[in-house]
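Here's the structure, in structure tokens; my notes come after.
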Amino acid sequence: MSMFSRMLKKVLPPPEIVEQERFLFIGPHPDDIEIGAGATAARLAAMGKAVKFLICTDGRYGTEDPDMDVQKLIKIRQEEARAAAASLGVSDVEFLPYPDGGGYERADLMNSIVKVICEFRPDIIFAPDSRLRTETHLDHLNVGEAASNAFIISGCANMMAERGLTS
């Protein structure tokens, strides 16, 4: 940890998670949130906190079956994600319409995430970290960067207005 990071933690300590009320978990694919942060989401939901899952891509590549109908698979993956969220005590699950594999505009993804942040108004956001050296999946990198930028934009009225968004 750098000297700057240590100083920043002293001046601006991270918030106590359990003292917050609203939590947004942003995942690139159906199943990423449950795998990466399921226990945290379950604990927060059990405490009566408002927990929302935002799944950014449609899961169309979540099979090895070359004969699987894409639209059928998307529906299956959404049903699986809702069931997994429910098993963790989370009922608020939203799906964005972006295809797996990075075939979308990052700016569109970011604007979609901004809208969810402004509507849900989370105290804390959980999302992939696009700066990790071990993170190599294109959707994870895109979603992590889009979520980080969306968080910044959602707090700036001028940036929101420039994009035709409202808070």
Step-by-step side chain to side chain contact (heavy atoms under 4.5 Å, CB included) determination, Met160 to Cys118 | CA-CA 10 Å; Met160 295 276 294; Cys118 290; 3.2 Å; yes

Results of ring-ring contact (aromatic ring centres under 6.0 Å, His included) for Tyr104 - residues two or more places apart only = Tyr98

Verdict with reasoning, Asn149 to Val114, per side chain to side chain contact (heavy atoms under 4.5 Å, CB included) | CA-CA 9 Å; Asn149 292 335; Val114 168; over 6 Å; no

Side-chain ion pair, Asp31 and Arg77, N-O less than 4.0 Å = yes

Please check if Ile26 and Leu141 belong to a single hydrophobic cluster, counting links between Ile, Leu, Val, Met, Phe, Trp and Tyr side chain heavy atoms closer than 4.5 Å.
-> no

Heavy-atom check, side chain of His140 versus side chain of Asp129, under 4.5 Å = no

When every non-hydrogen atom of Val90 is compared with those of Ala45, the smallest separation belongs to CG2-CB, 4.2 Å

Measure the shortest side-chain to side-chain distance between Pro97 and Asp58 over non-hydrogen atoms and say whether it is less than 4.5 angstrom.
-> no

Looking only at heavy atoms, which two atoms of Met110 and Ala146 are closest? And how far apart?
-> CG-O, 3.7 Å

For Leu109 and Cys56, work out which heavy atoms get closest and say how close.
-> CD1-CB, 3.9 Å

Minimal heavy-atom distance between Ala81 and Ile55, with the atoms involved, is CB-CD1, 3.6 Å

With sequence neighbours excluded, tell me which residues meet side-chain contact (heavy atoms from CB on, under 4.5 Å) with Asp67.
-> Asp65

Please report the shortest heavy-atom distance between Arg60 and Leu73, naming the atom on each side.
-> O-CD2, 3.2 Å

Shortest non-hydrogen contact between Val143 and Pro128, atoms and distance | CG1-CD, 4.1 Å

Glu79 and Arg82: salt bridge (charged side-chain N to carboxylate O under 4.0 Å, His left out), yes or no, with the steps?
-> CA-CA 5 Å; Glu79 290 169 1; Arg82 282 190 190 92; over 6 Å; no

Check whether any side-chain heavy atom of His29 sits under 4.5 Å from a side-chain heavy atom of Asp139, and report yes or no.
-> yes

Got a sec, which residues hit side-chain contact (heavy atoms from CB on, under 4.5 Å) with Phe120, two or more places apart in sequence or on another chain?
-> Arg22, Leu24, Ala50, Lys52, Asp92, Pro122

Between atom OG of Ser148 and atom CD1 of Ile153, what is the distance when rounded to the nearest 0.5 Å?
-> 9.5 Å

Rounded to the nearest 0.5 Å, how far does CD1 of Ile33 lie from CZ of Phe25?
-> 8.0 Å

